[in-house]
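These numbers were taken from a predicted model, which means no experiment stands behind them. So that the names make sense, note that chain A is the first sequence line, chain B the second, and so on, each numbered from 1.
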Amino acid sequence: MDQTKQEPYVSYLEHKGKYTGIRSWIFTLDHKRIGLLYMYAIMVLFFVGAIMGLLMRIELLKPGETIMKPQTYNGLFTVHGIIMIFMVVIPGLSVVFGNFFLPILIGAKDVAFPKLNRFSWWVYIAGCILAILSQFLKNGPPDTGWSFYAPYSTTTGTNVIMATFAAFVLGFSSILTGLNFIVTIHQMRAPGMKFMNMPLFSWAIYATAWTQLLATPIVGITLLMLIAERLFGIGFFNPNLGGDPVLFQHLFWIYSHPAVYIMILPALGVITEIIPTFCQKKIYGYKAIAFSSLAIAGVGFLVWGHHMFTSGMSNQARWFFSLLTFLVAVPSAIKVFNWLATMYKGSIDLKPPFLYALSFIFLFTIGGTTGLLLGSVATNVQVHDTAFVVAHFHYIIFGGMGFAFFGAIHYWLPKMYGRMYNFKRATIAWAIIFVGFNLLYFPQFILGIEGVPRRYFDYLPQFQPLEVISSVGGFILITGLIMMVYNLVQGARKGEIAPANPWHGSTLEWQIPSPPSLENFDEAPVVKSNPYDYE
Amino acid sequence: MTEKATHIEAHADDEAKKLGMWLFIFTELLLFGGLFLVYSVFRAKYPANFHEGSLELSVTIGAINTIVLLVSSMTIAMSLTAIQKNNRKLAMTLISVTLFLATVFLFNKVFEWGAKFEHGLYPGSKLMPMLERGDLLYFSLYFFMTGLHALHIIVGMVLLTICLFKVKSGNVNSKKYIHLENGALYWHLVDLIWIFLFPLLYLIT
Amino acid sequence: MANNTTHTTEYRVLARVLLVLMFLTFLTISVTSYHLAAFGVTVALLIAGTKGFLVLTYFMHLKYESLLLRILVSMVFVLYAVIILITFIDYAYR
Amino acid sequence: MFSNASNFVHGVDKAFLIIGGFTVFFLVSFTAIMIFFIVKYNRKRNPKATQVKDNTLLEVIWTTLPILLVLFMFYIGWEGFLPMRQDPKGAMKVKAIAQMWKWNFEYEDNKQSDTLVLPINKPVRIDLVSKDVIHGFFVPAFRIKEDVVPGKNNYSWFIPGELGDFDLICSAYCGVSHSYMTAVIRIVSQQKYDEWIAALSALPAASSNPGFTVLQNNACTGCHSIDGSPLVGPSFKGLFGSTIEVKTNGVMRKVKVDEEYIETSIYDPDKDIAKDFTHGIMKPYKNIIKDNDIKLINDYLKTLK
Ligand code: HEA
Ligand code: HEA
Ligand code: CUA
Ligand SMILES: [Cu+2]
């Protein structure tokens with residue numbers, strides 16, 4: 001580097017490596033390209049899953065058969081659930097923005113194991129292909145619901161083995177990603193970057209990665225047992241052979257409850273990045289937010305039984321799980337309080353990313369506090385397995401993780417592509433999405449309280465008005481989403497050239513050019529003691 | 001970059017790889033953890049059947065296999081010591097001994113399973129569903145757990161074989177032995193799991 | 001984590017550990033052949049736990065690793081124990 | 001203000017109101033705060049942010065208060081729930097038998113009915129039995145729900161407090177006709193109940209044909225009617241000896257239904273798929289239904305002209 005011959009700046013998008021064309025992507029080791037690869041895959045899958053959701057809404061427009069047979073409907077919600085949960089939201093933010101920004105935020109050149117990172121992506125794609133194949137093979141799509149409850153899942157004639165195996169493979173990819181991120185955070189921080197001055201998104205990813213690492217193997221082995229049950233009749237979950245179907249539920253939720261925090265923690269992290277930037281103010285309660293991520297991840301391991309309150313667990317277990325479910329809500333509440341405190345006396349700029357952050361808080365509060373209604377045993381008995389649960393998790397997954405995802409794209413797109421999207425169009429799209437979303441899911445809370453079960457192909461005529469509002473909301477929502485995606489794609493391809501730091505952010509990613517170069521930092525980054533220093 | 005910097009970087013890389021291996025071991029532990037959970041639930045439900053079931057297994061074979069694995073665990077630990085002391089020959093011998101012991105273990109296992117198969121006792125057989133429920137679950141668990149463990153033995157053998165070649169080619173040497181260290185860690189994990197499998201499956205009172 | 005000292009475990013330490021492990025194996029077999037019924041499981045698990053501890057500390061060099069790693073390893077075992085315990089809150093009272 | 005349909009309505013609805021009240025309170029106040037901040041500290045109005053120092057006391061307060069609050073909510077919920085698991089000793093007993101997509105209620109003396117008729121104001125304990133997969137015993141108006149898990153003795157109990165018909169629905173997903181697995185709970189006066197139960201004959205002389213028993217025991221009748229009405233699968237009425245269209249390996253063909261065809265249809269249903277139906281719905285009964293039971297089924301089907 002002694003010859004000071006100024007070379008022209010080459011971003012990671014233009015960088016010429018060993019391969020060219022599509023192979024320069026599939027065989028890339030660059031964490032940023034891998035992040036984008038995940039994003040494209042997830043976008044496509046999200047679209048497929050969403051169309052399935054919409055088909056269900058059309059079917060529910062009027063009682064009785066509308067456009068499909070019951071079996072088709074059952075296949076639809078199962079595959080909708082599998083795609084959305086295992087392929088879209090569990091990897092979701094962590095593989096897209098975690099991959100792209102985690103190394104940059106901690107001042108590293110790449111993740112700890114780039115080859116392993118690429119391998120995770122391949123495994124992920126393999127899992128997706130398997131899951132999609134399970135749709136089209138001879139026996140028809142799996143029809144068990146995404147929770148694969150035994151003994152139904154051990155007896156139905158559909159492609160359950162293929163689907164569970166796909167979930168197993170996807171879990172493997174998730175484990176490897178989590179492993180990679182933990183090592184990255186421990187070993188790759190820039191000199192001077194202590195744990196306590198990492199940006200909070202990295203903290204969120206850290207907590208998420210531990211959950212991925214420690215919870216996923218349990219569902220892995222459970223799904224293997226389910227497959228063995230189907231192939232050899234080993235009897236673990238089959239009451240006729242002495243097994244115990246409730247044991248399956250325990251094992252499934254030991255993973256799948258922590259999994260919901262795998263989905264939401266990075267989302268909370270993203271919001272924690274967006275809010276200080278658009279208030280130009282130091283984040284309030286850095287430590288409280290960092291530790292509440294760990295607390296959510298930790299306590300989140302101990303509450304799985306709240307999905308099984310009606311399965312005939314012992315009373316002691318119901319007592320325990322309900323109590324802990326309530327306690328796990330507290331760290332989430334702390335985060336919300338700190339966000340509000342950060343806005344206090346800030347200088348608030350209502351740009352699209354911030355609009356998504358605000359609506360996130362609104363929707364997350366609805367989703368989260370209805371979670372409390374579910375966690376209370378008395379009310380759970382009434383609303384368990386009803387549309388109320390469906391509304392709860394769509395609010396918290398789509399309204400939470402989904403809105404955080406959209407916020408993150410709007411926030412980081414100028415860094416990722418070096419271009420800017422159209423603000424006005426983005427704001428209109430946001431408004432349509434917000435309205436459509438609430439129309440789609442809010443009626444389902446009421447339906448649930450009135451006792452309309454979930455996974456129901458048909459319903460009684462008196463519920464039709466609410467179901468229709470819900471379906472109409474679905475169409476409004478998709479209009480807004482298409483507009484948003486169009487705007488983003490246009491922006492990324494031919495938007496105005498964006499400056500390196502369009503929002504005056506203070507974290508490390510804004511101190512390098514957009515888009516970043518292959519090695520992220522051409523000279524060692526300067527680490528501030530507090531990442532959110534706006535003085 | 002100066003030579004020193006390269007060295008530090010390579011070293012940090014080794015630390016990362018070791019941490020990575022440990023994290024992977026955590027997932028393996030919890031993978032088996034799920035099975036142990038199932039085991040404890042059914043053992044609590046059918047204690048008598050589990051006892052009877054365990055009488056069908058040969059404690060002698062189990063004990064031999066335990067000893068074999070323990071010794072192999074020591075030899076692979078020693079091979080790491082050897083390479084740290086720059087004694088390549090000894091390291092290679094010790095890895096080979098480990099591989100040999102692993103083969104003995106598998107051979108025993110095949111023998112043990114084979115005996116069960118001959119009696120028509122294997123998952124999916126006609127006999128299994130006719131057993132008492134507790135016995136059926138015991139044998140299902142037995143096959144599932146030891147089968148998964150045997151699979152890990154095989155993976156471990158592949159890893160150690162790779163290490164053997166790396167030692168031979170000098171890729172693993174007294175300065176840079178992280179691959180062998182990780183291979184050894186994996187092998188100890190396999191041993192660790194067996195330490196629990198043995199009393200739980202063979203020695204039920 | 002910049003813990004650059006790597007420790008070499010001497011052969012004789014490893015050999016001694018193996019001897020203890022063998023002895024413990026022998027012990028658990030002989031203990032369980034007396035029908036201690038209720039205690040059988042506890043004793044077997046205690047012995048297995050000791051053996052596991054030895055393997056972790058000496059064979060897997062945990063004794064010489066950073067404090068962080070030791071904490072992480074114990075955390076995993078604690079987490080697993082807690083999960084089992086909680087599951088049995090259900091099964092023990094059914 | 002609460003309905004009186006069962007003794008649990010009060011506890012559950014109270015929990016709903018209290019926890020739901022806090023929910024609404026937080027939602028409204030957070031939204032109000034956010035709007036207030038957006039207006040007050042808008043960049044136009046407040047171009048430069050004022051940095052505020054962290055305040056540990058504040059953090060402690062807003063950790064402790066929510067903890068106390070959630071403990072209170074937990075208590076309310078637990079209080080509303082606990083009675084549901086404490087069935088009184090002398091309660092009248094009925095067995096609810098669930099099997100794929102049908103409820104059956106067994107009273108004392110082996111009397112069966114597909115409507116659950118109960119006297120008002122008398123505690124009743126429902127023992128939940130499943131013959132196949134998990135179903136859910138859910139009566140929205142009574143605020144009760146309990147899963148019907150095969151191989152497990154689960155129960156539910158309540159004291160009905162209002163006359164009339166109530167819906168019983170299956171809440172746990174159980175296959176194709178999950179959404180049609182409903183039944184009626186009819187609450188009547190004690191006197192009417194006594195009359196009704198006296199008139200109920202013991203087990204409707206289960207069609208003496210052994211083939212029919214096989215069909216019933218294997219829950220075939222959940223999908224196949226014997227009276228020609230369409231259910232999930234083709235009706236058995238007039239099936240035997242007729243010529244039907246089936247799809248084999250993707251090709252439509254005509255077959256005459258004989259013993260052999262019935263046998264393959266049961267052991268490998270996806271081999272020949274009847275017109276207008278899809279594969280994968282009926283599971284193969286290989287190893288489940290024995291050879292001589294197949295014979296019994298055939299003999300019975302021959303009688304269904
Ligand atoms: C991203 C995913 C996600 C997240 C983060 C959560 C978060 C929570 N969930 Fe949810 N949940 C799901 C996804 C998620 N859930 C899914 C997918 C299902 C259905 C699975 C299926 O069966 O298919 C489900 C089902 C489910 C059930 C089982 C319902 C049933 O089937 O009977 C329960 C029961 O307790 C529950 C509770 C909670 C609670 C208490 C939280 C808490 O963590 C929420 C914490 C957040 C807040 C509390 C809001 C913010 C705080 C405030 C606004 C301050 C005020 C609050 C206080 C003072 C406490 N959820
Ligand atoms: C991430 C999770 C997620 C998301 C986003 C959605 C989105 C939607 N879901 Fe959901 N759903 C689940 C997870 C999710 N779902 C799960 C887990 C279940 C339970 C399954 C089970 O019971 O087993 C379920 C069940 C479920 C049911 C209940 C079925 C039943 O019980 O009977 C219904 C019914 O209305 C429904 C509808 C919808 C609709 C209309 C949408 C729509 O809102 C979708 C609208 C979204 C779009 C239209 C997006 C368009 C996308 C693009 C244009 C690409 C843009 C991408 C990027 C920019 C990255 N879903
Ligand atoms: Cu029976 Cu759903
Ligand atoms: Cu949960």
Item to complete: Any chance you could lay out the side chain to side chain contact (heavy atoms under 4.5 Å, CB included) test for B/K176 and B/N173, step after step, and finish with the verdict?
Response: CA-CA 5 Å; B/K176 191 170 167 297; B/N173 52 47; 3.6 Å; yes

Considering only heavy atoms, which portion of [X] lies under 4.5 Å from any heavy atom of chain C: side chain, backbone, both, or neither?
X      : answer
B/I195 : both
B/K85  : side chain
B/A184 : neither
B/L200 : side chain
B/F36  : both
B/L30  : side chain
B/T81  : both
B/I193 : neither
B/V59  : side chain
B/L197 : neither

Under 4.5 Å from a heavy atom of chain B, the part of [X] involved:
X     : answer
C/L19 : neither
C/V73 : both
C/T87 : side chain
C/A92 : neither
C/F26 : neither
C/L24 : neither
C/Y11 : both
C/Y58 : neither

Worksheet item: Quick one: do B/K18 and B/E181 make a salt bridge, cutoff under 4.0 Å?
Response: yes

Fill in: Residues B/T75 and B/T98: side-chain donor-acceptor under 3.5 angstrom
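A donor-acceptor contact under 3.5 Å links the two side chains.
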
Practice prompt. Just give me the residue among B/I76, B/V71, B/D191 that pairs up with chain C most often, heavy atom to heavy atom, under 4.5 Å.
Written response: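 Looking at each of B/I76, B/V71, B/D191 in turn, B/V71 comes out on top.
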
Worksheet item: Any idea which of B/L80, B/L189, B/V41 has the most non-hydrogen atom pairs under 4.5 angstrom with chain C?
Response: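 Heavy-atom pair counts peak at B/V41.
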
Strictly under 6.0 Å, is that where the ring centroids of [X] and [Y] end up?
X      : Y      : result
B/W113 : B/Y122 : no
B/Y46  : B/F50  : no
B/W187 : C/F59  : no

Worksheet item: Going through the checks in order, is the side chain to side chain contact (heavy atoms under 4.5 Å, CB included) test met by B/F165 and B/M92?
Response: CA-CA 9 Å; B/F165 281 106; B/M92 280 167 62; over 6 Å; no

Discussion item. Just to verify, what does C/L85 make a side chain to side chain contact (heavy atoms under 4.5 Å, CB included) with, not counting sequence neighbours?
Written reply: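 Here no residue qualifies.
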
Let me have the donor-acceptor pairs involving side chains of residues 46-55 of chain C, under 3.5 Å, with sequence neighbours excluded, atom names and distances please.
from  : atom 1 : to    : atom 2 : distance (Å)
C/T50 : OG1    : C/L46 : O      : 2.7
C/K51 : NZ     : C/T25 : OG1    : 3.1

